[in-house]
Amino acid sequence: MIDLVDEAPWHVPAREGLLDRVFGQARYEKPSERLREGRLPEIAISAMMGGDLVGTVRLWRAVTADGRPALLLGPLAVSPELQGVGLGGRLMRAALNRAAVGGHEAVILVGDPGYYARFGFTADHTGALGMPGRYEQRRLLALELVENALAGSWGTLAAAAPLASVAPTAPALGTPSVDLGPWPQPDGGREAPLLPGVQVKH
C-alpha cells in the first residue's frame, strides 16, 4: 500500500536520493531550480511504501513580472521501479487538490505537454511568460484553478517562496482532508475519482 503524506524533515535524504536517481545531477541546471533554491515549498507531498519514500512532488510560490501569483510545480518524481503504475498521477492530483483548497489561482510548470495535458495543463496562458535560464517555450505550461487567473500575464517568473532560513509553520491538528472530485480530461470525459482509497494525511 502506498500512502500520500505531507513531506517531513526526515524524508529529505530519501527525497534527494530519489531525485538524483530519476534526474541525475542535471536537475540542478534546470531553470525551475533558480526559483526553488534556498527556499521553502508551499506544498510538499511524499509517497511512502513500507517506510520507503517512492515518490515526491513539491510546489513553490512564484510571481509573474506583472504581479500575478502562481505556484511553480516540480520536481515530480517516482521511483523507477514504480513508474507506469499511476503513482505520478496520484501525486499530481493530490498536489492540485491541495493547491485549489489553499486558494491558489494558477499552477505553472516546465514539462512534457503530452503528459501534463491529462491534468489540464496547456501553453495557452504562457506565451508571454518566461523562465530564468534556457528552456523550451513549448514546455512552459499552466493550469488555471481560477478562470482568467493568468489572462494577460507577462514576463519572467520570479521566486516568491519564503527563504529556507524561515521555519515552516506546522499544519493545524485536525485539519480535514478534502476531496474535490475528479479533474476533467481534455476530451470532456472524467478521470477516475481523485486518489481512490487514499487521503492525503496531515
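As the structure is a computational prediction, the values presented were derived from the model and not from experiment. Quick note: residue numbers are just sequence positions, from 1.
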Quick one: list whatever passes ring-ring contact (aromatic ring centres under 6.0 Å, His included) with Phe23, sequence neighbours left out.
none
Student check: side-chain heavy atoms of Thr56 and Pro75 closer than 4.5 Å:
no
Could you tell me whether Asp20 and Arg15 have a side-chain N and a carboxylate O separated by less than 4.0 Å?
no
Applying salt bridge (charged side-chain N to carboxylate O under 4.0 Å, His left out) as the test, list every pair that has at least one member in residues 69-87; sequence neighbours left out.
Arg21-Glu81
Asp124 backbone acceptor or donor facing Thr122 side chain under 3.5 Å:
yes
Quick test of your reading: applying salt bridge (charged side-chain N to carboxylate O under 4.0 Å, His left out), list the pairs with at least one residue in residues 61-75, sequence neighbours left out, ordered by first then second residue.
Glu42-Arg61, Asp66-Arg68
What distance separates Leu71 CG from Leu145 CG, expressed to the nearest 0.5 Å?
8.0 Å
Mind checking what makes side-chain contact (heavy atoms from CB on, under 4.5 Å) contact with Ala14, not counting sequence neighbours?
Leu53
Closest heavy-atom pair, Gly111 versus Leu141, reported as atoms and distance to 0.1 Å, is O-CD1, 3.8 Å
Taking the side chain as every heavy atom from C-beta outward, state whether Val5 and His11 have any pair of such atoms under 4.5 Å apart.
yes
I need the full list of salt bridge (charged side-chain N to carboxylate O under 4.0 Å, His left out) pairs touching residues 137-164, with sequence neighbours left out, sorted by first then second residue.
Glu136-Arg138
What pairs of residues pass the ring-ring contact (aromatic ring centres under 6.0 Å, His included) test when at least one of them lies in residues 70-115, not counting sequence neighbours?
Tyr115-Phe119
